[in-house]
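Structure first, then comments.
Everything numeric here is computed off the predicted structure, so don't read it as measured data.
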Amino acid sequence: MTVPLEIGVAVVDANRLKVLAARKSIDADTLSSLLGEDSAAELMPAGSRVSHLYFGSEFCEQLFPEENALQRAIEVARQLDLTFVLATPIANDALVERIGHATAALLDDAEVLVNDWGVANYLRNAFPRRRLIGGRQLAKMIKDPRAPSGQWLNAYGGSYGTAGHRRVLDHLGIDCIELDAPPFATPTLFAVAGVRVSVWAPYGYVAKGRICKVGSLHRSGPDKFAPGRACHRECRSLVESGSAAARSGVVPTMRGNVIYYRHDRAIT
């Protein structure tokens with residue numbers, strides 16, 4: 001029996017929840033509104049269904065949702081009959097505590113996407129029944145858009161294929177992982193034995209750091225490009241675009257503290 005393809009919709013900005021709340025179900029038009037482009041139909045092949053709502057940032061501790069926004073997202077997921085997934089980034093001590101409070105407020109069937117081994121261990125001990133998903137930052141793999149050919153991917157097949165990495169996943173009870181689709185990817189890259197695999201589209205991430213470039217441009221002196229500055233959510237409206245990589249043709253972009261790439265048709 002063929003299992004229908006499940007699709008998750010990821011939202012970081014709570015204002016975007018309005019688009020979902022106005023719908024009775026999520027279709028290609030809804031995805032197009034969220035992505036700001038008309039290619040969403042390519043992400044929803046026949047027989048697929050939207051099954052999950054991801055809320056929160058995987059990459060920035062400053063964008064972790066406030067309590068009222070979290071409750072609104074949970075309600076939208078319930079309204080649309082979607083499994084709610086709380087997305088979490090690499091966390092400092094203060095954020096770990098906030099993640100704990102947020103997890104305690106989730107419904108029983110909700111999931112938490114973890115990108116920090118410490119957060120995963122904390123949640124497994126504090127909430128042993130909560131399902132955890134291994135995020136993209138836990139997966140070490142080659143996905144630089146500048147890679148000249150698919151042979152570069154063969155240099156390192158990905159950390160999830162190693163025995164040590166799998167032992168950690170088993171210890172934490174993580175049976176579902178998430179991956180990006182890098183340039184020149186082949187189906188074997190996503191064939192990870194023993195776990196379910198989700199693949200992100202239409203954007204993948206290359207690298208992240210603690211410095212928000214766009215949020216530092218107006219600063220001077222030692223505060224420029226330094227961590228710990230006040231966040232004004234500049235990343236929600238400003239994106240820096242790069243030039244297409246010579247071989248892959250993939251165009252990298254930078255939003256806040258993360259470098260992304262937009263899938264071309266070959267990747268999608």
Do Y54 and W200 have ring centroids that are under 6.0 Å from one another?
yes

Sequence neighbours left out, what passes side-chain hydrogen bond (donor to acceptor under 3.5 Å, both in side chains) with R124? Give chain and number order.
none

Inter-residue atom distance H165.NE2 - D170.CG, 0.5 Å rounding:
10.5 Å

Side chain proximity check, C176 to E111, heavy atoms < 4.5 angstrom
no

Report yes or no: do I174 and Y122 belong to one cluster of Ile/Leu/Val/Met/Phe/Trp/Tyr joined by side chain heavy-atom distances under 4.5 Å?
yes

Would you say L53 ends up clustered with V19 if hydrophobic residues are merged whenever their side chains have heavy atoms under 4.5 Å apart, either directly or through other cluster members?
yes

Atom CD of E67 with >12 non-hydrogen neighbours under 6.0 angstrom
no

Backbone of G209 reached by a side-chain donor or acceptor of N257 within 3.5 Å:
yes

So, for L132 and A120, which heavy atoms are closest and what is the spacing to 0.1 Å?
CD1-O, 3.6 Å

Are V12 and Y205 grouped together when hydrophobic residues (ILVMFWY) are joined by side-chain heavy atoms under 4.5 angstrom apart?
no

Donor-acceptor pair, E6 side chain versus H52 backbone, under 3.5 Å?
no

When rounded to the nearest 0.5 angstrom, what distance separates CG in L179 from OG in S198?
8.5 Å

Side-chain donor or acceptor of N121 paired with backbone N/O of L172 under 3.5 Å:
no

Atom CZ in R72, atom CG in N15: separation rounded to 0.5 Å?
11.5 Å

For D108, is the CG atom crowded, meaning more than 12 foreign heavy atoms sit under 6.0 Å from it?
no

Only residue of L20, D81, I26 satisfying side-chain contact (heavy atoms from CB on, under 4.5 Å) with V50 is I26

Decide if atom CD of E75 counts as having more than 12 heavy atoms of other residues, nucleotides or ligands within a radius under 6.0 Å.
yes

Between L123 and R130, is any pair of side-chain heavy atoms under 4.5 Å apart?
no

Is D175 reaching over with its side chain to a backbone N or O of R196, donor-acceptor style, under 3.5 angstrom?
no

Please assess V195 against R166 for the test side-chain contact (heavy atoms from CB on, under 4.5 Å), listing each intermediate value before the final yes or no.
CA-CA 10 Å; V195 293; R166 291 299 301 278; 3.8 Å; yes

Would you say Q79's side chain and A21's backbone share a donor-acceptor pair under 3.5 angstrom?
yes

Shortest non-hydrogen pair, L70 vs L86, comes out as CD1-CD1, 4.0 Å

Counting only N and O atoms by type, is there a donor-acceptor contact under 3.5 Å from the side chain of T88 to the main-chain atoms of L113?
yes

Test item: R136 side-chain N/O and V199 main-chain N/O as donor-acceptor pair under 3.5 Å
no

Closest non-hydrogen atoms of P65 and G56, given as atom of the first, atom of the second and distance, are CD-CA, 4.1 Å

Determine the minimum heavy-atom distance between G100 and F127, stating which atoms define it.
O-CZ, 3.4 Å

Any side-chain heavy-atom pair of D116 and I99 under 4.5 Å:
no

Are V119 and V112 connected, step by step, through hydrophobic side chains (Ile, Leu, Val, Met, Phe, Trp, Tyr) whose heavy atoms are closer than 4.5 Å?
yes

Tell me, yes or no, whether the heavy-atom count around D93 atom CG, taken from other residues, nucleotides or ligands under 6.0 Å, exceeds 12.
no

NZ of K18 to CZ of R23, rounded to nearest 0.5 Å, is 15.5 Å

Heavy atoms, side chains only, cut-off 4.5 Å: are L17 and F55 in contact?
yes

What I'd like to find out is whether the side chain of F84 reaches to under 4.5 Å of the side chain of R78, using heavy atoms alone.
no

So which atom in L95 and which in P89 form the shortest heavy-atom distance, rounded to 0.1 Å?
CD2-CG, 3.8 Å

Which atom pair, heavy atoms only, marks the closest approach of V114 to L138?
O-CD1, 3.6 Å

Could you check whether any side-chain heavy atom of V258 comes within less than 4.5 Å of a side-chain heavy atom of E58, counting everything from C-beta outward?
no

Answer with yes or no whether the hydrophobic clustering places I133 together with V168; edges join I, L, V, M, F, W, Y residues whose side-chain heavy atoms lie under 4.5 Å apart.
no

Does the pair E66 and R98 meet the rule for a side-chain contact (heavy atoms from CB on, under 4.5 Å), with working shown?
CA-CA 9 Å; E66 300 294 336; R98 291 183 63 195; 3.8 Å; yes

Rounded to the nearest 0.5 Å, how far does CG of L106 lie from CZ of R131?
14.5 Å

Rounded to the nearest 0.5 Å, the OG atom of S57 sits from the CD atom of Q62 at a distance of 10.5 Å

